[in-house]
Amino acid sequence: MLALTMLVAQSCLDKFPEGAVSEEKAITTVDEADQAVIGIYSSFLSSALYSGYLTLLPDIQSDFVYAVNGYTNTYGDIWRWDILATNPQIEAVYGSLYSLIGNCNFLLDNAEKLKPTLVNDDDIDRLETYCGEAYFARALAYSELIKLYCVDYKGDEEAMNELGVVLKTKYYEEQPIKRASLYDSYRLVLSDLDKAEELLKLDEDYDPAYDGYLYNNAVYFNEYTVYALRARVALYMRNYEEAIDYSSRIIDSNMYELSSVNAYYSSNVSYYDYMWQSDLATEIIWKVGFTSTNYGGALGSVFFNYDYSSFKPDYVPAKWVLDLYDSSDMRYNAFFYETMTGYSHGLTWPLLYKYWGNQSLYSEAQLLNTSMPKVFRLSEQYLIRAEAYCNLETPDYSKAGKDMTKLLSARYSAFGGMSPLNADNAMDFIEEQRVKELYMEGFRLQDLKRWGKGFERTPQDQSLANGSSLRVSAGNPLFVWPIPQHELESPGAEIEPNESNK
């Protein structure tokens with residue numbers, strides 16, 4: 001019994017988690033540093049991260065989907081807002097992000113010792129690039145922890161008095177296991193992004209017209225992934241001028257282009273459709289790369305549960321979301337496919353075709369409903385910049401409208417223009433576009449938290465009674481996930497709980 005108790009209490013913040021490389025096996029060559037970076041990228045394959053819980057749970061928890069009568073109860077407690085500090089998915093997200101951070105710290109600590117021994121310029125350049133990738137990965141992991149386990153950032157002064165996350169920046173050195181302030185937590189993210197930007201900077205003679213294909217569809221980090229995260233973080237921190245700056249660096253770079261519904265990869269497949277069917281597109285800034293032998297979770301499983309004869313989805317799209325798309329909005333056809341389910345009640349409903357899966361992965365290895373998570377896309381940058389324009393001290397609704405026109409021109413079969421944005425309609429319009437563009441990509445819970453909004457579910461055809469009439473007010477403690485109980489109870493930890501833990 002004692003052994004079991006010790007196992008349960010083990011913190012995912014411990015210095016040497018299971019499978020870690022001990023100090024005796026430290027990195028001693030640049031090639032070994034290369035292997036460590038491969039390990040960092042492999043960490044993103046975890047189904048607790050972008051190919052699973054980290055993407056799905058925030059949107060399932062919100063008002064985007066409904067559980068279907070007869071469902072398997074997968075993620076049922078999340079959907080019902082019956083979320084405890086012992087929830088295994090909440091624990092898995094937290095643990096996987098800190099495991100990723102540990103991998104980054106391992107590389108960075110060893111690189112600091114390795115660099116003085118190097119004499120070859122190419123080796124020094126390679127090591128600096130690897131460190132840049134590690135700094136970016138650590139910043140990304142911390143930004144996700146802050147997004148999920150911390151309150152919204154309302155300003156520097158308030159953030160100094162709000163709980164952030166446990167900051168671990170060393171692999172070999174002991175550090176306090178206690179939460180920093182929200183202010184200091186974000187400052188570490190920004191510091192890491194500053195370092196990543198410097199180390200991952202493109203050569204001055206880089207020619208986007210010739211080499212740009214190396215950067216869109218990227219499965220490795222580069223200068224533009226840094227800008228993408230910096231813009232997102234700036235929006236979350238309400239630093240609107242900085243959000244505009246960094247999103248503009250991407251939009252104006254000529255490295256990326258929105259995938260249009262009006263340009264065709266083949267006779268009946270638009271480039272926009274192709275992005276979801278094959279995970280290839282000129283607007284992808286960074287994706288988690290899968291192969292038929294090395295892949296993560298299956299994002300689409302709970303939306304199909306296909307047994308090669310029928311569909312029994314656990315969750316189907318909310319009717320209010322479906323009703324947002326008009327007949328010219330081709331995102332609807334790319335995202336949804338109406339069919340009869342295999343349940344005895346015979347529900348016929350549009351299912352989430354967006355995550356039906358990568359065609360090549362299915363043909364090569366029969367991987368159903370497996371898509372490469374597209375963590376950063378150009379369309380999000382347009383949405384970030386438009387929202388930031390509308391929230392400047394002196395809002396620029398004209399520029400926000402131009403960004404929305406650019407986005408919708410690539411998404412509508414025939415876009416006839418839009419009404420001018422103004423103080424009365426701009427944010428409503430942009431919020432609606434974030435729903436339609438980023439549906440089930442993991443943004444909704446954070447968006448509602450940032451906008452200070454709650455939601456109400458209204459029962460729809462064959463939706464599960466327990467949860468279909470849920471009302472969630474703005475500021476509900478469960479907009480912030482509870483810190484896993486085993487972290488609070490781990491030996492030596494001084495981690496303060498969230499309100500949702502109580």
Side-chain angles (χ1 to χ4, degrees), residues 54 57-59 61-62 93-94 97-98 101 136 138-169 178-194 196-197 226-247 375-376 380-381 383-393 395 427 430-431 434 438 441-455 472-483 495-501:
L54 184 59
L57 298 190
D59 286 357
Q61 185 181 341
S62 73
V93 173
Y94 192 91
L97 288 170
Y98 272 111
I101 289 165
F136 178 81
R138 189 169 74 179
L140 181 56
Y142 272 123
S143 75
E144 297 292 3
L145 284 164
I146 294 168
K147 180 181 80 174
L148 296 169
Y149 298 94
C150 298
V151 299
D152 187 38
Y153 198 98
K154 292 184 170 63
D156 292 350
E157 186 173 346
E158 295 92 331
M160 290 177 185
N161 298 306
E162 297 285 4
L163 288 170
V165 295
V166 178
L167 299 180
K168 305 290 285 186
T169 58
K178 60 187 301 183
R179 297 174 74 175
S181 70
L182 181 59
Y183 177 88
D184 287 338
S185 298
Y186 265 124
R187 286 304 172 282
L188 176 61
V189 171
L190 297 179
S191 174
D192 278 356
L193 289 175
D194 283 341
E197 180 179 343
V226 177
Y227 298 158
L229 180 56
R230 193 71 183 251
R232 183 188 292 173
V233 167
L235 182 70
Y236 291 172
M237 294 180 68
R238 304 177 191 273
N239 188 338
Y240 300 117
E241 290 184 356
E242 188 167 288
I244 291 167
D245 175 19
Y246 281 98
S247 58
V375 181
F376 296 104
E380 184 203 357
Q381 298 301 312
L383 289 162
I384 287 172
R385 192 167 74 171
E387 183 173 342
Y389 278 136
C390 293
N391 283 281
L392 291 171
E393 188 172 342
M427 279 308 300
I430 291 168
E431 289 172 18
R434 282 188 70 89
L438 304 175
E441 294 183 50
F443 292 97
R444 181 61 170 172
L445 197 68
Q446 170 65 18
D447 285 350
L448 290 171
K449 182 168 68 171
R450 183 172 80 258
W451 297 328
K453 293 189 172 185
F455 66 86
V472 177
S473 60
N476 186 299
L478 283 171
F479 274 107
V480 179
W481 285 358
I483 302 296
I495 303 175
E496 295 180 64
N498 284 328
E499 188 178 350
S500 54
N501 283 93

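Note that the structure is predicted; figures quoted are calculated from it, not measured.
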* To do: May I have the step-by-step check of side-chain contact (heavy atoms from CB on, under 4.5 Å) for Tyr142 and Val166, ending in yes or no?
  => CA-CA 9 Å; Tyr142 272 123; Val166 178; over 6 Å; no
Practice problem: Without swapping roles, check the side chain of Arg179 against the backbone of Glu496 for a donor-acceptor pair under 3.5 Å. | Solution: yes
Output for pair (Leu193 CG, Ser143 OG), nearest 0.5 Å, gives 8.0 Å
Value for CG (Leu54) from CG (Leu145), rounded to nearest 0.5 Å, stands at 9.0 Å
Within the structure provided, determine whether Met427 and Asn391 are in side-chain contact (heavy-atom separation under 4.5 Å).
yes
**Message:** Any salt bridge linking Glu162 with Lys154? Criterion: basic side-chain nitrogen under 4.0 Å from a carboxylate oxygen.
**Reply:** no
Taken in chain and number order and not counting sequence neighbours, the residues that satisfy side-chain contact (heavy atoms from CB on, under 4.5 Å) with Asn501 are Ala85, Pro482, Ile483, Gln485, Leu488, Pro497, Asn498
message: Using side-chain heavy atoms (C-beta onward) and a distance below 4.5 Å, is Ile495 in contact with Lys178?
response: no
Hits for ring pair (Phe, Tyr, Trp, His ring centres under 6.0 Å) against Tyr227, two or more places apart or cross-chain, chain-then-number order -> Tyr224, Tyr246
The side-chain contact (heavy atoms from CB on, under 4.5 Å) partners of Ala141 (sequence neighbours excluded) come to Leu97, Leu100, Ile101
Donor-acceptor pairs under 3.5 angstrom involving side-chain atoms of residues 230-238: please list them, not counting sequence neighbours.
{"residue": "Arg230", "atom": "NE", "partner": "Glu242", "partner atom": "OE2", "Å": "3.2"}
{"residue": "Arg230", "atom": "NH1", "partner": "Asp194", "partner atom": "OD1", "Å": "2.7"}
{"residue": "Arg232", "atom": "NE", "partner": "Glu380", "partner atom": "OE2", "Å": "2.8"}
{"residue": "Arg232", "atom": "NH2", "partner": "Val375", "partner atom": "O", "Å": "2.8"}
{"residue": "Arg232", "atom": "NH2", "partner": "Glu380", "partner atom": "OE1", "Å": "2.9"}
{"residue": "Arg238", "atom": "NE", "partner": "Tyr153", "partner atom": "O", "Å": "2.9"}
{"residue": "Arg238", "atom": "NH2", "partner": "Asp152", "partner atom": "OD2", "Å": "2.3"}
{"residue": "Arg238", "atom": "NH2", "partner": "Arg450", "partner atom": "O", "Å": "3.1"}

Query - Within 6.0 Å of CD in Glu158, more than 12 heavy atoms from elsewhere - result: yes
OH of Tyr186 to CD1 of Ile146, rounded to nearest 0.5 Å, is 5.5 Å
Sorted by chain and number, sequence neighbours left out, side-chain contact (heavy atoms from CB on, under 4.5 Å) with Pro58 holds for Leu148, Leu445, Trp481
Practice problem: Taking only Lys NZ, Arg NE, NH1 and NH2, and the carboxylate oxygens of Asp or Glu, determine whether Asp192 and Arg138 approach each other closer than 4.0 Å. | Solution: yes
Please walk me through it: do Glu499 and Val480 pass side-chain contact (heavy atoms from CB on, under 4.5 Å)?
CA-CA 8 Å; Glu499 188 178 350; Val480 179; over 6 Å; no
Over-ring placement of Arg385 relative to Tyr389, 6.0 Å and 45° cut-offs: no
By side-chain contact (heavy atoms from CB on, under 4.5 Å), Ala388 pairs with (sequence neighbours left out) Tyr240, Ala243, Ile244
Practice prompt. Kindly determine whether Cys150 and Leu163 satisfy side-chain contact (heavy atoms from CB on, under 4.5 Å), including the steps that lead there.
Written response: CA-CA 7 Å; Cys150 298; Leu163 288 170; over 6 Å; no
- Task: Classify the side-chain pair Trp451/Gln446 by whether it contains a donor and acceptor separated by less than 3.5 Å.
- Result: no
To the nearest 0.5 Å, atom CG of Leu448 lies from atom CG of Asn476 at 11.5 Å
Heavy-atom donor-acceptor pair, Ser181 side chain to Asn161 backbone, under 3.5 Å: no
Between the OG atom in Ser191 and the CG atom in Asp184, the distance rounded to the nearest 0.5 Å is 11.5 Å
So CG of Asp447 and CD1 of Ile430: to nearest 0.5 Å the spacing works out to 11.5 Å
Is Arg434 paired with Glu431 through a side-chain N to carboxylate O contact shorter than 4.0 Å?
no
